[in-house]
Protein chains: 2
Amino acid sequence: MVKPFDKISEKNKYKLFQAFHTHIMSYNKGEDLSKMLMDRNSLGIIISGYVQIIKKNLNGTSLIIDELYEDDILSIKTIYVQDSEYEVLVKEETKIVFFDLEQIQEFGENEKGYYNQFIKNLFLIINDKLNEKNERIQILTKKTIRNRLLEYFSIAKTKSGSNNIYLPFSFMALADYLGVDRSAMSRELSYLKEEGFIEIKGKRIKLTF
Amino acid sequence: MVKPFDKISEKNKYKLFQAFHTHIMSYNKGEDLSKMLMDRNSLGIIISGYVQIIKKNLNGTSLIIDELYEDDILSIKTIYVQDSEYEVLVKEETKIVFFDLEQIQEFGENEKGYYNQFIKNLFLIINDKLNEKNERIQILTKKTIRNRLLEYFSIAKTKSGSNNIYLPFSFMALADYLGVDRSAMSRELSYLKEEGFIEIKGKRIKLTF
DNA sequence: TGCATTTTGTTGCAACTGCAACATATCTAC
DNA sequence: GTAGATATGTTGCAGTTGCAACAAAATGCA
């Protein structure tokens with residue numbers, strides 16, 4: 001997976017910060033960044049720290065949707081959780097550098113190399129994000145839980161090139177990703193097991209179709 | 001809405017084509033581009049012509065999902081319709097220029113101005129696409145037809161800044177966008193009308209909430 | 001204008017799913 | 001290891017939805 005500063009030296013990285021008139025912000029453990037992100041339309045890149053995207057359910061339980069570390073992108077466009085039930089929670093003191101993409105501007109002859117590299121990296125990253133979103137839409141437009149699961153499995157199979165899938169998150173998080181009720185999904189998984197389509201051992205799922 | 005060649009002269013546009021080693025392809029009326037797009041990982045921009053994204057339903061009917069004209073972006077990432085039931089149909093002879101984003105490279109001093117403008121335009125467009133996808137995911141994760149409709153209406157309301165919404169597509173297409181059965185959606189719309197939440201006149205919907 | 005096609009509205013019914021409640025299993029921290 | 005917390009599995013039930021079939025309205029086109 002491409003990272004924003006791949007193939008860019010530490011020195012040139014800070015030159016980029018200057019050239020883009022970036023703002024570097026620090027956030028403390030426990031802060032919720034969701035409202036702050038709403039107000040910023042710029043692209044944030046995490047320089048250091050650790051942030052979780054959390055969904056708070058009505059019954060008081062909460063669910064980790066995503067975890068972000070150094071070099072991960074954090075902007076309202078890339079996470080987009082308008083719902084008040086979502087939280088962007090700082091788990092460790094975190095520094096984020098914000099780029100205003102409107103500010104792409106003239107660069108001198110010397111900066112060209114790493115500037116182009118940076119732009120290329122960002123393109124590839126955003127392109128990947130588009131891909132992820134598309135995959136999820138592809139899944140969410142399936143009308144039954146069974147079909148969403150099978151679509152998810154198919155995509156995972158294609159990606160891994162194997163019939164053995166390792167779930168990158170919990171079954172709770174999977175239900176959330178598929179946009180279905182957890183217990184109903186659990187029931188459907190049981191049916192799929194019974195019918196011999198899959199075998200489940202922990203987070204390891206073997207597809208037999 | 002930003003277009004790829006905004007603020008770039010016709011002359012510089014063709015210089016960009018050269019600098020990126022683009023390929024320009026022509027397609028004839030009636031061709032289905034979906035398979036061709038699968039094989040290309042590059043960014044296509046329509047130079048001239050008219051293309052429809054079509055969904056073919058099981059019962060033989062088909063539905064126009066989207067229509068693309070000059071300066072619209074056409075790549076597998078931006079449409080993403082893996083399903084064989086989707087078709088990318090050329091309605092008029094269409095020319096597409098394909099950019100390989102991997103080929104972003106050194107530009108001479110003279111090209112910088114329009115090169116930067118082009119990159120900025122593309123960023124803004126892809127960012128918009130991310131937004132669109134996020135909105136749709138936001139809607140698709142709602143668990144009832146009613147809630148998907150209300151979410152859709154809310155977003156439309158925010159965008160237009162008015163309680164009067166004009167549907168940009170047919171109700172059939174809306175059902176497809178929301179990922180629900182058309183007749184079930186029609187039923188739910190009737191309930192919403194009865195309960196006084198909305199008024200419908202053709203594609204014009206008045207929100208009273 | 002008038003005919004054919006497409007879209008929209010309506011409804012019964014069977015199937016699916018969310019929800020709640022609970023049991024069991026797994027994980028985590030001490 | 002143990003206790004508490006968290007995650008997973010199971011099930012009944014009521015509400016929602018997809019599907020099919022059809023009527024009515026709107027649209028396109030010769």
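Chain naming here is simple, since letters A, B, ... match the order of the sequence lines and numbering starts at 1 in each. No hydrogens, no waters, no symmetry mates; every other heavy atom, side chains included, goes into these values.
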Taking CG from Leu167(A) and C1' from dT8(D), how many angstroms apart are they, rounded to a whole number? 12 Å
Provide, to the nearest angstrom, the distance between the CZ atom belonging to Phe169(A) and the C1' atom belonging to dT6(D). 18 Å
Quick one: pull up CZ in Phe5(B) and CG in Asp71(B) and give me the separation to the nearest 0.5 Å. 6.5 Å
Roughly how far apart are Asp100(B) CG and His23(B) NE2, rounded to 0.5 Å? 8.0 Å
The criterion is ring-ring contact (aromatic ring centres under 6.0 Å, His included); which residues satisfy it with Phe153(B), sequence neighbours excluded? none
Rounded to whole angstroms, how far apart are CE on Met172(B) and P on dC19(D)? 14 Å
Find the distance Phe171(A):CZ to dT10(D):C1' and express it as a whole number of Å. 15 Å
What is the separation between atom CG on Leu189(A) and atom C1' on dT11(D), rounded to the nearest whole Å? 16 Å
Nucleotides 14-19 of chain C: protein proximity per nucleotide (B base, S sugar-phosphate only, - neither; heavy atom, under 4.0 Å): --SBBB
Any side-chain donor near an acceptor of the partner, Lys206(B) and Asn163(B), under 3.5 Å: no
Could you state the atom-to-atom distance from CG of Leu149(B) to P of dT8(C) in whole Å? 14 Å
Rounded to the nearest 0.5 Å, the CD1 atom of Ile155(B) sits from the CD atom of Glu132(B) at a distance of 11.5 Å
Between Lys3(A) and Asn121(A): side-chain donor-acceptor atoms closer than 3.5 Å: no
When the axes are fitted on five pairs at both termini, how much does the helix from dT1(C)-dA30(D) to dC30(C)-dG1(D) curve, in 10° steps? 70°
Rounded to whole Å, how long is the line connecting atom NZ of Lys201(A) with atom P of dG9(D)? 14 Å
Once you round to the nearest 0.5 Å, how far does CE of Met185(B) lie from CG of Leu174(B)? 4.5 Å
Can the ring centres of Phe99(A) and Phe123(B) be said to be less than 6.0 Å apart? no
Arg148(B)/Glu151(B) ion pair, N-O < 4.0 Å: no
Rounded distance (Å) that lies between atom P of dT8(C) and atom NZ of Lys193(B): 12 Å
